[in-house]
Amino acid sequence: MDAMKQVLNSMENKIRLRSQAQAERRAEEVEAQKRAFQAKLLAASANKLELDSMSSQIKGSQDAVQRDQLVGMMMAGF
């Protein structure tokens with residue numbers, strides 16, 4: 001009887017340890033996926049800021065060209 005209890009306890013402990021190890025691996029995988037997602041999100045944010053900056057520069061250049069053309073037309077008497 002005692003030998004059977006020891007076998008059952010041993011099996012129960014082994015199952016418990018295996019489940020705990022699997023849960024830890026899943027947690028590590030989720031954490032790695034979270035870090036990868038955050039890195040991608042940060043890169044996308046940086047790209048958006050860069051694109052917004054370029055867009056603003058282009059818009060400013062276009063406005064300056066239009067202003068210069070308007071001043072030129074006004075000085076020419078149109």
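Just the heavy atoms: all of them, side chains too, but no hydrogens, waters or symmetry mates, feed the values below.
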Show which side-chain atoms of residues 28-42 pair as donor or acceptor with protein atoms under 3.5 Å away, not counting sequence neighbours.
none

Please tabulate, one pair per line, all N/O donor-acceptor pairs under 3.5 Å involving side-chain atoms of residues 5-18, not counting sequence neighbours.
unit_1, atom_1, unit_2, atom_2, d
Asn9, ND2, Lys5, O, 3.4
Glu12, OE2, Arg16, NH2, 2.7
Asn13, OD1, Arg16, NH1, 3.1
Asn13, ND2, Asn9, O, 3.4

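Evaluation of the side-chain hydrogen bond (donor to acceptor under 3.5 Å, both in side chains) test over residues 52-61, restricted to residues two or more places apart or in two chains, returns Lys48-Asp52, Lys59-Asp63.
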